[in-house]
There are 2 protein chains.
Amino acid sequence: MSSTPLTRSEAKDRTRRRLIRAALAILDDEGEAGLTTVKIARVAGIAQSSFYVHFKDKQDLLRAVSEHYGEQLRASMREARRRAREAPSDRERHRDTFRIPLEAIIRHPELLRIRMRALHDPSSPLKEFAARTAIAYRDHLAADLAALGYTADDEPSRRRLEMVAEGLNTLTNTFAVGHIEGRLTDVEETLDVLVAFSSGALRLLKGRDGHPRERRTD
Amino acid sequence: MSSTPLTRSEAKDRTRRRLIRAALAILDDEGEAGLTTVKIARVAGIAQSSFYVHFKDKQDLLRAVSEHYGEQLRASMREARRRAREAPSDRERHRDTFRIPLEAIIRHPELLRIRMRALHDPSSPLKEFAARTAIAYRDHLAADLAALGYTADDEPSRRRLEMVAEGLNTLTNTFAVGHIEGRLTDVEETLDVLVAFSSGALRLLKGRDGHPRERRTD
DNA sequence: TCTTTCACCGATAGTAGTATCGGTGAATCG
DNA sequence: CGATTCACCGATACTACTATCGGTGAAAGA
């Protein structure tokens, strides 16, 4: 057996990580309403009062949770962009733009669920974390679209590119939830649909001027 | 002045409606975490204990909220479908498929915000309400797409149509939030983008067999 | 080895929300 | 015009959670 001869600070660090992990698990299956110091401490295996040895209060723990998993997400995003650059063809690149985040989300479903909740809950302390993550994803997409030749030089097309990126982001999240919940199983098929959505939207960006449609007189 | 000479049951009914309204207002700007009988009663202008004259408990109130606004939503959906049938051309019809729900949401932003939260919060008593509403919207879309000629006869294309409808739904909600938050202002431009997204996705459905793509060998 | 430090413990004060209860006066009913 | 009903009230019991405090033993440091 591993007779864990830990130093004091190692042991403290381990407990701290356990608390963060416990918080994430509870957030995932009960939401923020169910997150109490009593439960966190029980799951982490310490007394409720000992929670305060590690964190000033619950808010402080949530800040730590954001930092911990925020760094994890940023790292996987960097890795994703690196791998995407190695794609053999534009076609595969386009696919990978969606494949990589989609697979990342499916690997760690808790984070998406928690982020989506926090994004809409006005009382959530994780709101800022969720918002920053969403922006990071959008930048990832924007960069990849730019690499595919969809640059936006004038103001209206810039705004449209932004809308398209935001939309594709939401679509990725929605379908990821589908996979997490088991309603969807074939990742390749989901990628087909995502690519189809995006190629429709991107066709809009290629328009010569900003308004390739009949203008309504309102 | 309106010297409100109400009968007893009329007065009770009015108080009940005030409670439901108060609950919605609090849900909107504080979320379910902020919804307490104390606040509801205060906003409605009665004593906290009197809350229980009208509802068995908080859960019971939320049931009533769901019913009240659920009926309102279903009614506006029926109206929307009726109006869409009158569109002069397929092109306008396609646009109206998005315009009508989008405008409805922008008119009553609280309901979308509350629904989106409830949809993701595992502890939310409004979850079922939100889920049923989402399904109703999806059916609305599916019916409109079918009317545009996008019918699904075989199993794979049926599944795809479902994915497309779900995706378009999410996109509508996302952009509606953009309008509510003031980031987006031009509804016609949003409709352009929605139509572009959908025409890309729908092209997938027109494919002769279910797999108009290279299959990966994984 | 003796002292100090400190992660963790149990107990508990404080706070916020839920739900019940008996009382009151005005509407309703006979 | 009594008698009754009942929407609403204030007071309060109860519950759940947060955060603090003093005590303890084992690790760290002298």
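So that the names make sense, note that chain A is the first sequence line, chain B the second, and so on, each numbered from 1.
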Quick one: do [X] and [Y] make a salt bridge, cutoff under 4.0 Å?
| X | Y | value |
| --- | --- | --- |
| Glu162(B) | Arg183(A) | no |
| Glu71(B) | Arg74(B) | yes |
| Glu155(B) | Arg159(B) | yes |
| Asp96(B) | Arg93(B) | no |
| Arg16(B) | Asp13(B) | no |

Between dC8(D) and Thr15(B), is there an OP1 or OP2 to side-chain N/O distance shorter than 4.0 Å?
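Checking dC8(D) against Thr15(B), a side-chain N or O does come within under 4.0 Å of OP1 or OP2.
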I need the [atom1]-[atom2] distance between [X] and [N], as an integer number of Å.
| X | N | atom1 | atom2 | value |
| --- | --- | --- | --- | --- |
| Lys56(A) | dT20(D) | NZ | C1' | 13 Å |
| Glu10(A) | dC8(C) | CD | P | 13 Å |
| Asp13(B) | dA7(D) | CG | C1' | 13 Å |
| His54(A) | dC6(C) | NE2 | C1' | 11 Å |
| Arg17(B) | dA7(D) | CZ | C1' | 16 Å |
| Lys12(A) | dC8(C) | NZ | C1' | 11 Å |
| Ile40(B) | dA19(C) | CD1 | P | 11 Å |
| Glu32(A) | dC17(D) | CD | C1' | 16 Å |

Go nucleotide by nucleotide along DNA chain C from the 5' end; which of Ala11(A) and Leu35(B) gets its closest nucleotide reached first?
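Per heavy-atom nearest nucleotide, the more 5' residue is Ala11(A).
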Give a yes or no on whether the backbone of Glu166(B) and the side-chain of Arg138(B) come within a donor-acceptor separation of less than 3.5 Å.
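Answer holds: no.
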Which residues in residues 58-69 of chain A have at least one heavy atom lying under 4.0 Å from any atom of DNA chain D?
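Nucleic-acid contacts, sorted: Lys58(A).
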I need a per-nucleotide contact map over nucleotides 9-15 of chain D, read 5' to 3'. Cutoff is protein heavy atoms under 4.0 Å; write B for the base, S for backbone only, - otherwise.
BBB----
Name the closest nucleotide to the Asp57(A) side chain, picking from dT18(C), dA19(D), dT18(D).
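Taking heavy atoms from C-beta onward, the closest nucleotide is dA19(D).
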Closest contact, heavy atoms only, Ala134(A) versus Asn169(A):
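Closest heavy-atom pair between Ala134(A) and Asn169(A): O-ND2, 3.7 Å.
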Which atom pairs link the protein and nucleotides 27-30 of chain D when you take only N or O atoms and keep those under 3.5 Å?
{"residue": "dA27(D)", "atom": "N3", "partner": "Arg8(A)", "partner atom": "NH2", "Å": "3.0"}
{"residue": "dA28(D)", "atom": "OP1", "partner": "Arg8(A)", "partner atom": "N", "Å": "2.9"}

Relative to each other, are the rings of His140(A) and Tyr137(A) parallel, tilted or perpendicular (30° and 60° limits)?
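Correct class here is perpendicular.
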Only pairs at least two apart or in different chains count here, so list each side chain to side chain donor-acceptor pair (under 3.5 Å) that has a residue in residues 43-55 of chain A.
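Listed by first then second residue: Thr37(A)-Gln48(A).
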Non-neighbouring partners of Asp57(A) that pass side chain to side chain donor-acceptor pair (under 3.5 Å), sequence neighbours left out:
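By the side chain to side chain donor-acceptor pair (under 3.5 Å) rule, Asp57(A) matches no residue at all.
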Go through the structure and list residues passing ring pair (Phe, Tyr, Trp, His ring centres under 6.0 Å) with Tyr69(B), not counting sequence neighbours.
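So Tyr69(B) forms no ring pair (Phe, Tyr, Trp, His ring centres under 6.0 Å) with any residue.
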